[in-house]
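So you know, we letter chains A, B, ... as the sequences are listed, proteins then strands, and number each from 1.
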2 protein chains.
Amino acid sequence: MLIDLDLLYTWGAVAKEYKKGEIIFEEEGIANFYYQIIDGCVKMFNTNDKGKEFTQGYFFNGQSFGEPPLFIDERYPSTAMAFHDTTIIKLSKDKLIRILDEYPSIQKQFLNLMARRIYSKAKTSKDIINQNPAFRIIAFFNTSKKNKEGEKELITYTRQEIANFTGLRVETVIRALSRMNTEKKIEIKNHKIYY
Amino acid sequence: MLIDLDLLYTWGAVAKEYKKGEIIFEEEGIANFYYQIIDGCVKMFNTNDKGKEFTQGYFFNGQSFGEPPLFIDERYPSTAMAFHDTTIIKLSKDKLIRILDEYPSIQKQFLNLMARRIYSKAKTSKDIINQNPAFRIIAFFNTSKKNKEGEKELITYTRQEIANFTGLRVETVIRALSRMNTEKKIEIKNHKIYY
DNA sequence: CGGTTCCTTGAGGATGATCAACGAGGGTGG
DNA sequence: CCACCCTCGTTGATCATCCTCAAGGAACCG
């Protein structure tokens, strides 16, 4: 949980529910609000001229998203969409900036958060460049895995979502997955993927 | 210029010169220092199993680099190397953290810096995924361009460097460039690229 | 039970990677 | 001044891989 909910409400934040598939903000839109997820999941992505989608990342309970443009007066580089039904608390940009100025410890938290994001992005782009479907897919699974070490867990993303995240095509993902299955890198039971 | 040099020296920072090609820190190394470039250029990159290189970015005069791991206690995700002869001022991690705690305005600057990095990384990975050599190369040129709008300027990177940054191979870059030349997207005079 | 959404398979084509040479320029030392 | 070396740029041929297009099949949900 990033900023305390009570604090946010004190400063005039408002909770809003978004239905699955609803757009929260769009690429090139002006950044006016701070968003923090109370419950649900948000996907950030870009779409190119030919409608091909690239997923920048997923955000879950207690996480905030879309903050960088607030700090540097830029427009949104990507679109944010509710991936499931999601409740989000919204605070105006000015108020967020004022909170950061008043609470240095919160500012520090945000610095750490941004640092962590850069760190992951560096790791991810390194992996994506590394041509090779299986490798990219594994890298994606690793970032999305809940229980780090330990037994196999169900992957809840569709093959299309995996494709969007890895920059591959659905068919390529499917073929790579079945190859990985026979090579025992993953397990597929009844179309469900375990890793 | 990020942190004032006098301030850094006051806190015990030391300037050091690195010769072209010299390694400043290595992937997976422990992060103990804050680095700020006084003069020169630094390249951050990863190398995969087969020796293929992926350039994460270049850093120039007045910029700092390799900070994220300092904030989150991780190891370096990439290697940093002097791209030309470069003078760098080094400060220990603890001292940096203490500076940030004592000067909230500096902490804020770092927050803005990290936000800007995330913003660029988002733009870059979007572009790289967008299969198409010409597109990737143009995206790289745009980020490295000094005078934003305006007339053509000389690209000072070798074709190998362009390849490393875009995740392509040298030959592919060369062929793409000459196609872009005939299509007038760029200009090549005497092997030199203008964009 | 009908309609979505997701998954699967095959055939064919496009494109970037790979391998192998060679060319061109710049700097250095004899 | 010239020969040599080293880095960078260039070209062609071939190969592997992923994309594209097309057509179904399976699972899930109201």
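- Whole-Å rounding puts the B:I174 CD1 to C:dT18 P distance at 15 Å.
- Under the 3.5 Å distance criterion, the side-chain polar atoms of B:R75 are left unmatched by any main-chain donor or acceptor of B:G29.
- Looking at the side chain of A:H191, the nearest of the listed nucleotides C:dC7, D:dC19, D:dC18 is C:dC7.
- Transitive grouping of hydrophobic side chains (ILVMFWY, heavy atoms separated by less than 4.5 Å) keeps A:F110 and A:I37 in distinct clusters.
- Taking the side chain of A:R175 as heavy atoms from C-beta on, and the options D:dG9, D:dT20, D:dA13, the nearest nucleotide is D:dT20.
- A donor and an acceptor atom never sit less than 3.5 Å apart when one is taken from the side chain of A:R179 and the other from the base of D:dT17.
- Proximity note for A:R159 (side chain, C-beta onward) versus C:dT8, D:dC18, C:dC6: the nearest is C:dT8.
- The six-membered or imidazole ring of B:Y157 lies away from that of B:F165, with a centre-to-centre distance of 6.0 Å or more.
- Put simply, A:F65 and A:Y58 are part of two different groups of oily side chains (I, L, V, M, F, W, Y) that touch within less than 4.5 Å, one to the next.
- Note: CG (A:L168) to C1' (C:dC7) measures 16 Å, nearest angstrom.
- B:I162 places its CD1 atom 12 Å from the P atom of D:dC8, with the value rounded to the nearest Å.
- Contact of A:E171 with C:dC7 (side chain to base): no donor-acceptor pair of N or O atoms is detected under 3.5 Å.
- Look at CZ on B:F54: it is 14 Å from P on C:dA17, rounded to the nearest Å.
- As a whole-Å value, the separation of B:N190 CG from D:dG9 P is 12 Å.
- Spacing between atom CD of B:Q160 and atom P of C:dT18 amounts to 12 Å, rounded to whole angstrom units.
- If you measure from atom NZ of A:K192 to atom C1' of C:dT5, you get 13 Å, rounded to the nearest angstrom.
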